[in-house]
Amino acid sequence: MIFDLMPGYDELPNIKPVVDKLRDYLQGELADYERAHDLGPETAYDRSVLQPVWKRSRELGFYGIHLPPEHGGRGLSHTELAALKEEVGASGRTLYHSVLGDMGGPLRAGAIFAYATPEQLGRYLVPVVEGDRACCFSLTETDAGSDVRAMRTTATPDGDGWRITGRKVFSSAGPFADFSILVARMAGTEETYSAFLVDLDSPGCTVLPGEVPLSGQHIESDIVLDDCYVGPGQLLGEIGDGLRIGLGRVTTNRLLHCPTVLGHARRVLELTIAHAKNRAVFGGTLADLQSIQHKIADMATAFYAARSMTYAALTALDEGRRPRTEAFMCKLFVTENAFTIADTAMQIHGKAGMVKGSEIEWLFRRLRMFRILTGSSEIQKNGIAKALLH
């Protein structure tokens, strides 16, 4: 893999034209849309702002592009999808998460297509692919994060269906969603969990504003269930499949978070190089100072290493191998080094970077979060050590 801050993707001819079209949309039409709505990373917006982006992205062929043809996509490889995720992450757009379907769309739905019945596909998932409905995923609870088996949300049998009671937190896309893919413990059991498709307008279900994360994005909800009834047609998979669905494809999902992080880090590096070339100091520019040159060299080298290992692991996955340990390593190395890149960028930008509202300041906060999101660095180290020592 050749180092390039604007990759050509010659090794991925299937998506090379898609990347060109995607870049045009991100920097043209979508940028204009965001300006017209005065959108920034911390703007509170509602579904009426997002849905036109879902629909337009669908028209252009981006929304759900990774899905197999029978579900309206192009059946991309993991490597091809990763390249597109990197591009939206590097775009600097506020609504980058809505173009491929991360924010309530097909990417948020994830692997549930494999478990859904034909009826569930028609009622829930096809409308998501079309941009007519949106979903969120509800697994995390206040005292059940990495230790998902500590969850207290419970499903109690009621005739052919169940009554669910509990509270889920950090349901990303919850403020915009029509239904939740929700995992609950089966009443009277210790280790049996099931997944349900819960309509968020059901009696006994309340969607509350979630805590605002470090990034300042208003995209989280708490899902509160009080004796909320779900019918047999809302059980996803079989009873007991909850954790398999909720934590399934962990290796894949862990790897596919890395391209978004890489995209953000790439954007940081681009902004920093431009700033160094243009910031006048001591009769020259920052870029003339060897101390700055060395910092940028370290940033670029760390980015290249992180990107190379991620795409190597994705290639192995596409070849049918199972790079489980490598996925732990990628998540650890990519997120830790991306934040180091952002930290160095903040130092180089000085006051221009640390003021509230600058893009560098926001990316700094966003990249700090990824050292915890989808499994903290310590969790990744546990996985690596277990593979090597057991």
Side-chain angles (χ1 to χ4, degrees), residues 39 43-58 63-64 66-67 71-72 94-113 115-116 119-142 151 153 155 164-184 194-213 215 217-226 228-231 233-237 242 245-246 253 260 373-374:
L39 297 178
T43 303
Y45 43 77
D46 59 23
R47 180 175 173 145
S48 67
V49 172
L50 289 186
Q51 193 156 19
V53 178
W54 302 340
K55 300 291 281 186
R56 181 59 175 151
S57 296
R58 177 66 179 167
Y63 204 70
H66 68 291
L67 295 170
H71 295 317
T94 293
L95 301 183
Y96 70 92
H97 47 51
S98 293
V99 176
L100 299 177
D102 273 303
M103 187 52 61
L107 279 176
R108 176 65 52 182
I112 70 169
F113 284 85
Y115 294 91
E119 292 74 20
Q120 290 170 341
L121 283 169
R123 178 179 173 184
Y124 291 101
L125 298 184
V126 171
V128 167
V129 175
E130 296 296 330
D132 294 320
R133 301 193 80 193
C135 66
C136 63
F137 182 72
S138 302
L139 178 67
T140 303
E141 300 180 11
T142 300
M151 76 172 63
T153 299
I164 304 179
T165 297
R167 182 173 189 141
K168 298 293 185 178
V169 300
F170 277 103
S171 290
S172 298
F176 323 109
D178 298 285
F179 67 94
S180 171
I181 305 154
L182 186 141
V183 179
S194 298
F196 301 91
L197 298 166
V198 179
D199 293 301
L200 296 179
D201 60 356
S202 299
C205 180
T206 304
V207 180
L208 299 176
E211 293 181 296
V212 179
S215 64
Q217 295 166 291
H218 298 268
I219 58 174
E220 308 290 347
S221 281
D222 288 5
I223 309 296
V224 182
L225 304 114
D226 183 9
C228 177
Y229 180 78
V230 293
Q234 291 170 270
L235 174 68
L236 190 60
I245 294 171
N253 291 340
T260 300
L373 295 175
T374 68

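Here, residue 1 is the first one in the sequence, and each next residue gets the next number. Note that the structure is predicted; figures quoted are calculated from it, not measured.
- Remark: the backbone N or O of Gly131 is paired with a side-chain donor or acceptor of Gln51 at under 3.5 angstrom.
- Taking all atoms of both residues into account, the shortest heavy-atom contact from Val198 to Leu182 is CG2-CB, 4.1 Å.
- Arg58 approaches Glu130 most closely through the heavy-atom pair NH2-OE2, 3.7 Å.
- Nearest approach of Phe179 to Leu200, heavy atoms of both residues: CA-CG, 3.8 Å.
- Comment: Asp226 does not engage Arg167 in a salt bridge, judged by the lack of any side-chain N to carboxylate O separation of less than 4.0 angstrom.
- A heavy-atom distance below 4.5 Å is found between the side chains of Cys135 and Ile181.
- With respect to Asp178 and Arg47, a salt bridge is recorded, a charged nitrogen being found less than 4.0 Å from a carboxylate O.
- Each of Val224, Thr140, Thr153 was evaluated against Lys168; a single residue qualifies, Thr153, per the side chain to side chain contact (heavy atoms under 4.5 Å, CB included) test.
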Exercise. Begin with the C-alpha distance, continue with both residues' side-chain angles, and end with the deciding distance and a verdict on salt bridge (charged side-chain N to carboxylate O under 4.0 Å, His left out) for Asp199 and Arg123.
Key: CA-CA 11 Å; Asp199 293 301; Arg123 178 179 173 184; 2.7 Å; yes
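- In this structure, the ring of His218 has its center no less than 6.0 angstrom from the ring center of Tyr45.
- Pairing each heavy atom of Phe113 with each of His71, the nearest pair is CD2-CD2, 3.8 Å.
- Residues Val128 and Gly104 come closest through the heavy atom pair CG1-O, 3.9 Å.
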